[in-house]
Amino acid sequence: MKKMRILSWNVNGIRAIQKKGFIDWLLTEDPDILCLQETKAAPEQLSEELLNINGYKSYFSSSIVKKGYSGVAIYTKQEPIKVEHGFGIPKFDDEGRIVVAEYKEFVLINIYYPNGKKNEERLQYKMDFYEAFLDYSNKLVKKGKKLVICGDVNTAHKEIDLARPKENSKVSGFLPIEREWLDKFFSHNYHDTFRMFNDEPENYSWWDQVTRARDRNVGWRIDYFFVSDNFKKNVK
DNA sequence: TCCATGCACAC
DNA sequence: CAGGATGCG
DNA sequence: GTGTGCATGGACCGCATCCTG
């Protein structure tokens, strides 16, 4: 299989980053596949330039329950065999959190997992989403598919994965139940690809912008690339 | 996230 | 239609 | 009285949308 480079980015508004030079950035960075989360836009709100970037096919999934909310996208050089927009469960598909692109060599799953901070209901929704996702991915593996899963998981797994573990042990994003679900997920033979190559602390993917936490690297590692066991050997 | 505040406790 | 308020993260 | 630990509350930024005048 030829070498491919896949990137993942929670953009917090694709129209906002377009104004800050996103298209030039993508053409310079030149990945084979780019996965975006929190695009906060429906395709019909997007400009022609954003829909058709030179050399890429694009696929969007957007929320049908709330305008300007959630949303994910894939930009891909190679056209997938098939693209889907959910697990087949309306409750989880309707917020525009899922894009699945099937290629000959693997299935790419780009997900913006729910945030559980708002209230108890949303935390439960997040946990239910996790379970539905695990069901979905396990079924694909059982069918012999090789999975590459990426996105904003909204949970740090271990103490090493955030700067303030003690202070956040009762905050959604580092709750015992959320961390235990990740334990369970990995016990089904999926791998956290970053940790295949790096076991150092202070490697984060998200920082609170309210407190300018990035300046001090007070962050969390909540964005991941996972692979199923049958694809592990392909990860470089 | 960080700071201020209030409260309980130990020494 | 600019600007403030709100929802969400 | 002073130190430490824990709990609570408020300000804080950015994007997109909605409301108001």
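Computed from a prediction, not measured in an experiment: that's the story for all the values here. To find a chain, count down the sequence lines: A is the first, B the second, and so on, and within it residues start at 1.
- Taking the six-membered ring for Trp and thresholds of 30 and 60 degrees, A:Y125 and A:F92 have ring planes inclined between 30 and 60 degrees apart.
- Comparing the P positions of C:dA5 and D:dA11 gives an interatomic distance of 14 Å, to the nearest angstrom.
- Extent of DNA chain B lying under 4.0 Å from chain A heavy atoms, first and last nucleotide in 5' to 3' order, is B:dT1 to B:dC2.
- In this pair, A:Y113 and A:F133 present their aromatic rings perpendicular. The plane angle is above 60°, beyond the 30 to 60° band.
- Among the protein residues, A:D215 comes within range of no part of the nucleic acid, since none of its heavy atoms lies under 4.0 Å from any strand.
- Protein chain A touches strand DNA chain C; the 5'-most and 3'-most nucleotides with an atom under 4.0 angstrom of its non-hydrogen atoms are C:dC8 to C:dG9.
- A:W207 comes within contact range of no nucleotide atom at all, as no heavy-atom separation falls under 4.0 Å.
- The pair A:R195-A:D161 meets the salt-bridge criterion, since a charged nitrogen lies less than 4.0 angstrom from a carboxylate oxygen.
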Between protein and nucleic acid, restricted to nucleotides 7-13 of chain D and to nitrogen or oxygen atoms under 3.5 Å apart, what atom pairs and distances do you find?
from: D:dC13; atom 1: O4'; to: A:Q209; atom 2: O; distance (Å): 3.4

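- Cluster partners of A:F194: none. The rule joins Ile, Leu, Val, Met, Phe, Trp and Tyr whenever side-chain heavy atoms lie under 4.5 Å apart, and it links nothing here.
- A straight line from CD of A:E167 to P of D:dG5 spans 12 Å, rounded to a whole angstrom.
- Side-chain contact between A:I14 and A:F60: present, with at least one pair of heavy atoms (C-beta onward) separated by less than 4.5 Å.
- Hydrophobic cluster membership for A:Y204: A:W207 (Ile, Leu, Val, Met, Phe, Trp, Tyr linked by side-chain heavy atoms under 4.5 Å, directly or transitively).
- Using a 4.5 Å cut-off between side-chain heavy atoms of Ile, Leu, Val, Met, Phe, Trp and Tyr, A:V218 forms no hydrophobic cluster with any other residue.
- Shown here are the side-chain hydrogen bond (donor to acceptor under 3.5 Å, both in side chains) partners of A:D229, two or more places apart in sequence or in another chain: A:H191.
- The salt bridge (Lys or Arg N to Asp or Glu O under 4.0 Å) check on A:K67 picks up nothing, with sequence neighbours excluded.
- Residue pairs meeting the salt bridge (charged side-chain N to carboxylate O under 4.0 Å, His left out) criterion with at least one member in residues 28-40 of chain A, sequence neighbours excluded: A:R5-A:E29, A:D30-A:K77.
- A:Y59 is linked by a ring-ring contact (aromatic ring centres under 6.0 Å, His included) to nothing, counting only residues two or more places apart in sequence or in another chain.
- A:I81 forms part of no hydrophobic cluster, judged by ILVMFWY side-chain heavy-atom separations under 4.5 Å.
- Atom CZ of A:R214 is surrounded by 12 or fewer heavy atoms from other residues, nucleotides or ligands within 6.0 Å.
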Can you pull every protein N or O that's under 3.5 Å from an N or O on nucleotides 16-18 of chain D?
from: D:dA16; atom 1: OP1; to: A:A16; atom 2: N; distance (Å): 3.3
from: D:dA16; atom 1: O3'; to: A:R15; atom 2: NH2; distance (Å): 3.2
from: D:dT17; atom 1: OP1; to: A:R15; atom 2: NH2; distance (Å): 3.4
from: D:dT17; atom 1: OP1; to: A:Q45; atom 2: NE2; distance (Å): 3.0

